[in-house]
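A short write-up of the structure that comes next.
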Amino acid sequence: MLDIKLIRENPEKINELLKRRNPNLSINEVIQIDIERRAMQTQADELRAKRKIESQKIGELKKQGENTDEIQEDVRKIGDEIKFLEEKEVEFDQQQRNLLLNIPNIPDETTPIGKSENDNKIVSGCGEPTEAEFELRAHWDIVEEKGLVDFERGVKLSQSRFILYRGKGAVLERALINFFLDVHTKEHGYEEILPPVLVNSAAMIGTGQLPKFAEDMYKCENEDLYMIPTAEVPVTNIYQGEILAEEDLPKYMTAYTPCFRREAGSAGKDTRGLIRVHQFNKVELVKLTTPQTSHDEHLKLTKNAEKVLELLELPYRRLELCTADMGFSANKCFDLEVYMPSYNGYKEISSCSNFGDYQARRANIRYREKSSGKTQFVHTINGSGVAVGRAFAAIIENFQQEDGTIKIPRVLQPYTGFDTI
RNA sequence: GGAGAAAUGGCCGAGUUGGCUUAAGGCGGCACCCUGCUAAGGUGUUGUGGGGAGUAAUCUUCACCGAGGGUUCGAAUCCCUCUUUCUCCUCCA
């Protein structure tokens, strides 16, 4: 959520930045509510101060044994007024909060301005698109033929876009999870977290999934619990409402979880294979940092995600997302895309975002600055390190051999226990 | 799932015949002083959030004692609902 003070003091600037995302966005309504809200508060404050003094007088008068009926009646009337104003205050508060919760983060100054995903910038890459003397097949055909993934029975158990891994497929998926976690904990210094995969609405609001994107999530009936769309939600919210010591920052955390997405509005996209399913596995990287270091830490986190792709010898490229394509809560975002022969192009496998203090403000995650003793909002950063199912698909497609076998990347072999499928 | 107890500031812990308690005391933190280092000691200071005034240092005001309602002129203190924690029973991987 954006800082109301910042909005108050720089309305033109904020409006301009928001319009970089989407010309329809504006903070004008919030500013109006804010003005009315503050007037209401001042009024209520004054009345409360008056009541306090008068009530104390009643106490003293009573001690002296005097009659207080008249003054009590007067104060009671003040109380009625206060009650009325307080209801208004709550109303304005909620309105303002609601508006703020539905306004996306402002883009970082360095985020390229654009109108659509076509304006994303390719900033770097590693490896060349896989080519072969023989015809490269799509992973959905290969995994089905080899019995690595059972699409039909996944549908039988749940519904379409639910899949089940089996045999060497299940082992490969598990191997990838372990490999990613090992690299990030042992080589990059992240603490491993195994969080709940059902979280409450406060957590979902904290990271920005709610209130705006309720349709994208699975919700439990009769319970204030949602299935997480990413480990970002539980892991970022670990320190919700807390004040950390500056020495505790930066915090590096990584978590494997299944992720659940309804994929509302994605009908017809990526209908085959492992690319877009309702439940998938992901290893996530999350950082809490000071404002001073978040830029660097964001870059470092992105490189940590790239590292596993390099170790797996998968060709990829890094995109810098433009203002129009960036997620709701982010101020800057890099996407990593892996080369997929079946798409004859690159497919997103990781998204690494810096949120500035936007999520921290929603989730109320602060730290005490050592030099000043003041509390400040932390900056939050996260990225996939990386999506397991998509890495699985990428390996199947990029490591297929002419004889129909799949080679297992060298670094993964200790984890799978076999070197070909 | 059943029965009981509890929830106060960074932590521990007073405050339950409603008003003088934003909240004693201790610990921790910070600043200064003292001590030739270290240990110890002394003095002071130390919650969060919102509003208003000021260029600013700062001043001022309101709210907050698990959360939300209620009673009252006035609630940390009384009543109701919820949440969480602990103990006992039950159950269970």
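What you are looking at is a predicted structure, and each value in this text was computed from that prediction instead of being measured. Heavy atoms only: backbone and side chains are in, while hydrogens, waters and symmetry mates are out. A note on names: the letters A, B, ... follow the listed sequences, proteins ahead of strands, and every chain is numbered from 1.
Atom OH of Tyr239(A) and atom P of rG10(B) are 17 Å apart (whole Å). Put simply, CD on Glu9(A) is 14 Å from P on rU55(B), counting in whole angstrom units.
One N or O donor and one acceptor, one from the side chain of Asp45(A) and one from the base of rG50(B), sit under 3.5 Å apart. You'll find a donor-acceptor pair under 3.5 Å spanning the side chain of Gln41(A) and the base of rG50(B), going by distance alone.
Using a 4.0 Å cut-off, no side-chain N or O of Arg48(A) falls inside it from OP1 or OP2 of rG74(B). A close approach under 4.0 Å does occur between a side-chain nitrogen or oxygen of Arg368(A) and OP1 or OP2 of rU48(B). Between Arg8(A) and rG51(B) there is a side-chain N or O to OP1 or OP2 distance below 4.0 Å.
Of the C1' atoms belonging to rU48(B) and rG9(B), the separation is 9 Å, rounded to the nearest Å. Nucleotides rU8(B) and rC65(B) place their P atoms 12 Å apart, quoted to the nearest Å. Nucleotides rG19(B) and rC78(B) place their P atoms 11 Å apart, quoted to the nearest Å. rA23(B) sits 26 Å from rC79(B) when the P atoms are compared, rounded to a whole Å. Taking atom P on both rU21(B) and rA76(B), the two are 13 Å apart, rounded to the nearest angstrom. Nucleotides rA3(B) and rU61(B) have their C1' atoms positioned 48 Å apart, rounded to a whole Å. Remark: the separation of the P atoms in rG13(B) and rU87(B) is 16 Å, to the nearest Å.
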Using the rule given for ring pair (Phe, Tyr, Trp, His ring centres under 6.0 Å), can you reason through Phe392(A) versus His139(A), listing the C-alpha separation, both sets of side-chain angles and the distance that settles it, and then say yes or no?
CA-CA 9 Å; Phe392(A) 185 110; His139(A) 71 274; 8.3 Å; no
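Distance from the side chain of Ser55(A) is smallest for rC73(B) among the nucleotides rC73(B), rG47(B), rG51(B). The side chain of Lys5(A) sits closest to rG51(B) out of rG70(B), rC73(B), rG51(B). Checking rG50(B), rU48(B), rC73(B) against the side-chain heavy atoms of Arg366(A) singles out rU48(B) as nearest. The side chain of Ile58(A) has rC73(B) as its nearest neighbour among rC73(B), rU48(B), rA63(B). Of the candidates rC62(B), rC73(B), rG49(B), rC73(B) carries the atom nearest the Arg76(A) side chain, counting heavy atoms from C-beta on.
Thr111(A) places none of its side-chain heavy atoms less than 4.5 Å from the side chain of Asn331(A).
Shown are Gln359(A), Arg361(A), Lys251(A), Arg362(A); of these, the side chain to side chain donor-acceptor pair (under 3.5 Å) with Thr380(A) is made only by Gln359(A). With Ile421(A) as the fixed residue, the side chain to side chain contact (heavy atoms under 4.5 Å, CB included) test singles out one of Leu148(A), Thr405(A), Val143(A), Ile142(A): Leu148(A).
In this structure, Lys57(A) reaches neither bases nor backbone, as no heavy-atom distance under 4.0 Å exists between it and the strands shown.
Side-chain contact, Asn281(A) with Tyr256(A): a donor N or O sits under 3.5 Å from an acceptor N or O.
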